[in-house]
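Reviewing the structure listed below.
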Amino acid sequence: MRILLVEDDALVAEGLKEGLARHDFTVDHVESAELAEAALQLEQFDAAIVDLGLPGKNGLQLIADLRRKHLPLPILILTALDTLDACVAGLDAGADDYLAKPFRMPEVLARLRVLIRRSHSHLTSRLQAGSLVLDLGKRTATLAGAALDLPAREWALLEALVLASPNVVNKDKLLQTLAGWQSEITPNAIEVYVSRLRQKLAPAGLNIRTVRGMGYRLDEPEQDT
Ligand code: CA
């Protein structure tokens, strides 16, 4: 999952980036609303965390502008505790949820997961494809009841495929999900992760199909009727 963090306080930003990275989120950080808009024009994100007090255009204006453009991005507001009115204004402007500073990391993670899940229209934290079950909260996967060992990037890839299923996940979108601006990942590396996942999923009859010129799709086993 790739998060755009819009925060001008370097300390807060560092803390969030570290905490989120530890839970396998890819975080890209910008310090102003203007840079956030530029990033959103170029790249795809699964959610944004937006501080309200920003230099230049403030977070509230940013959110209002994004919603005017009908950008469906889930947005979590961060703000100082003494500006609760601003939170309400943020929600009115189109943010999905808010957190008051100082916040605790588990709370940030929980709120983000809820927002992202909701944006994918999945109401539970369990996703299923054939005998594959992903628990998004615990970040565990089982295949036919047996635990599946997945390094971070394989997990992220599989999560994107299952969330999109039965639709194709665009290869560019996968590259963006797995990498941030600061880490490098090549299309060839994606192929490697896909082939590892194929080997792990094959025993359950699941396949990751390459859709030429587009990306990948998770194919569930054919069911006899
Ligand atoms: Ca600020």
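Just so you know, ligand 1 is whichever comes first in the structure, and atom 1 is the first atom listed for that ligand. Residue numbers count from 1 along this sequence.
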Take atom CE in Met214; do more than 12 heavy atoms of anything else shown fall under 6.0 Å from it? no
Identify whether the distance between the nearest side-chain nitrogen and carboxylate oxygen of Arg67 and Asp92 falls below 4.0 Å.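 Result for this pair is no, no salt bridge flagged.
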Mind checking whether the Ca ion (ligand 1) has an N, O or S of Val12 under 3.0 Å?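 So Val12 does not count as coordinating the Ca ion (ligand 1).
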So does Asp51 have any N/O/S atom less than 3.0 Å away from the Ca ion (ligand 1)? yes
Between the Ca ion (ligand 1) and Asp8, which N, O or S atom of the residue is the nearest one?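 Nearest N/O/S atom of Asp8: OD1.
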Under the criterion salt bridge (charged side-chain N to carboxylate O under 4.0 Å, His left out), I'd like the reasoning laid out for Asp65 against Lys57: C-alpha separation, chi angles, the key distance, then a yes or no. CA-CA 10 Å; Asp65 287 349; Lys57 186 194 275 197; 2.4 Å; yes
May I have the step-by-step check of salt bridge (charged side-chain N to carboxylate O under 4.0 Å, His left out) for Arg113 and Asp135, ending in yes or no? CA-CA 11 Å; Arg113 288 196 182 114; Asp135 186 319; over 6 Å; no
